[in-house]
Amino acid sequence: KAGVTQTPRYLIKTRGQQVTLSCSPISGHRSVSWYQQTPGQGLQFLFEYFSETQRNKGNFPGRFSGRQFSNSRSEMNVSTLELGDSALYLCASSLEGQFKPNYEQYFGPGTRLTVT
Amino acid sequence: DAKTTQPNSMESNEEEPVHLPCNHSTISGTDYIHWYRQLPSQGPEYVIHGLTSNVNNRMASLAIAEDRKSSTLILHRATLRDAAVYYCIPLNIQGAQKLVFGQGTRLTINP
């Protein structure tokens, strides 16, 4: 079975621009979660989608948004980029979503976003 | 979310067992205890999880205290590839897919 894939792997953007990151979960997985990793803040939860619905959301501004398609693929969008948005963005998929804490998540390799 | 306490760092030798402790004294009765690790320059990787009983899989064993206020991840024979940051994460029904990563334990394996 193919693992979680994320595209692109690396991205350089300038302040004020917007960016869209893509995540393809493991086949059959319906839950997709997004995380931001920075040296200062560590790994932080952004949001989770299950069956095209956002189920859970972290403490990030509205500039961060996402969506999930009927085939479970997910995209994350960041508008009006700021320097502080430079980070590794990780996507994780799971067979089940909310209310199922006994299921593990599988992470992709991440997209390294640099904002200049 | 239940708070966790883990040592900042630990060191061990190759082919020796490693016991990584985690204190989660505020855990609720229905919280699962998950362990993930992150190798350098990679995304986090699931290791193991349990509720009350000790658990074993091909990667590790998880020993859960009887009062569930602490747990220990056991790597039976550490290899260089096990050098990573290990995170202990309690998960409940409401936040089932919301992994909250603390500081974790940075494990160094000496050859």
Side-chain angles (χ1 to χ4, degrees), chain A residues 3-6 9-10 23 25-26 29-51 53-60 66 68 72 74 87-112, chain B residues 1-6 8-9 24 27-53 55-60 62 64 68 71 73 84-106:
Chain A
V4 177
T5 57
Q6 292 186 246
R9 292 292 311 279
Y10 302 91
C23 172
I26 291 172
H29 284 194
R30 296 187 293 169
S31 169
V32 174
S33 299
W34 288 88
Y35 295 83
Q36 181 196 65
Q37 185 170 31
T38 59
Q41 298 296 319
L43 270 155
Q44 292 187 288
F45 174 81
L46 278 156
F47 30 64
E48 183 228 349
Y49 285 87
F50 182 80
S51 293
T53 301
Q54 188 180 89
R55 292 282 195 176
N56 225 328
K57 194 175 188 305
N59 297 323
F60 279 82
Q68 187 179 34
S72 292
S74 178
L88 179 67
Y89 290 89
L90 293 155
C91 159
S93 78
S94 180
L95 196 57
E96 291 287 346
Q98 198 180 24
F99 309 125
K100 298 289 178 71
N102 53 328
Y103 282 85
E104 59 269 28
Q105 291 190 21
Y106 295 88
F107 284 79
T111 294
R112 172 77 59 190
Chain B
D1 297 333
K3 290 193 182 294
T4 60
T5 304
Q6 297 180 253
N8 288 334
S9 62
H24 34 75
I27 198 170
S28 78
T30 55
D31 286 1
Y32 280 79
I33 300 155
H34 285 243
W35 283 79
Y36 283 77
R37 70 181 185 182
Q38 188 169 23
L39 279 65
S41 303
Q42 294 188 28
E45 176 185 34
Y46 165 79
V47 178
I48 200 167
H49 75 272
L51 183 60
T52 55
S53 307
V55 184
N56 301 297
N57 66 18
R58 63 174 179 81
M59 288 180 70
L62 177 60
I64 301 171
R68 297 201 348 113
S71 62
L73 179 70
V85 180
Y86 286 78
Y87 300 95
C88 157
I89 305 173
L91 279 181
N92 59 35
I93 289 175
Q94 267 62 46
Q97 296 305 321
K98 178 184 174 183
L99 295 174
V100 178
F101 290 84
Q103 292 301 309
T105 297
R106 183 172 298 279

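Computed from heavy atoms alone, side chains included, the values below leave out hydrogens, waters and symmetry copies. What you see is a predicted model; the values in this text were computed from it and never measured. Just so it is clear: chains get the letters A, B, ... in the order the sequence lines come, proteins before strands, and each one is counted from 1.
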Are Gln38(B) and Gln37(A) close enough, and set up right, to give a side-chain contact (heavy atoms from CB on, under 4.5 Å), and what steps lead you there?
CA-CA 12 Å; Gln38(B) 188 169 23; Gln37(A) 185 170 31; 2.9 Å; yes

Quick check: closest heavy atoms across Leu90(A) and Gly43(B), and the distance to 0.1 Å?
CD2-CA, 3.8 Å

Could you go through Gln42(B) and Phe107(A), starting from their C-alpha distance and side-chain angles, then the distance that decides it, and tell me whether this counts as side-chain contact (heavy atoms from CB on, under 4.5 Å)?
CA-CA 9 Å; Gln42(B) 294 188 28; Phe107(A) 284 79; over 6 Å; no

If you measure from OH on Tyr46(B) to OH on Tyr103(A), what distance do you get to the nearest 0.5 Å?
11.5 Å

To the nearest 0.5 angstrom, please state how far the NZ atom of Lys98(B) sits from the CZ atom of Phe47(A).
13.5 Å

Are more than 12 heavy atoms from other residues, nucleotides or ligands located less than 6.0 Å from atom CZ of Arg68(B)?
yes

Tell me, for [X] versus chain B, whether the close heavy atoms (under 4.5 Å) come from the side chain, the backbone, both or neither.
| X | answer |
| --- | --- |
| Tyr35(A) | side chain |
| Leu43(A) | both |
| Gln44(A) | neither |

Please state whether the side chain, the backbone, both or neither of Phe101(B) comes within less than 4.5 Å of a heavy atom of chain A.
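Interface part for Phe101(B): both.
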
Starting from the C-alpha separation in whole Å, work towards a yes-or-no answer on side-chain contact (heavy atoms from CB on, under 4.5 Å) for His49(B) and Glu104(A).
CA-CA 8 Å; His49(B) 75 272; Glu104(A) 59 269 28; 3.9 Å; yes

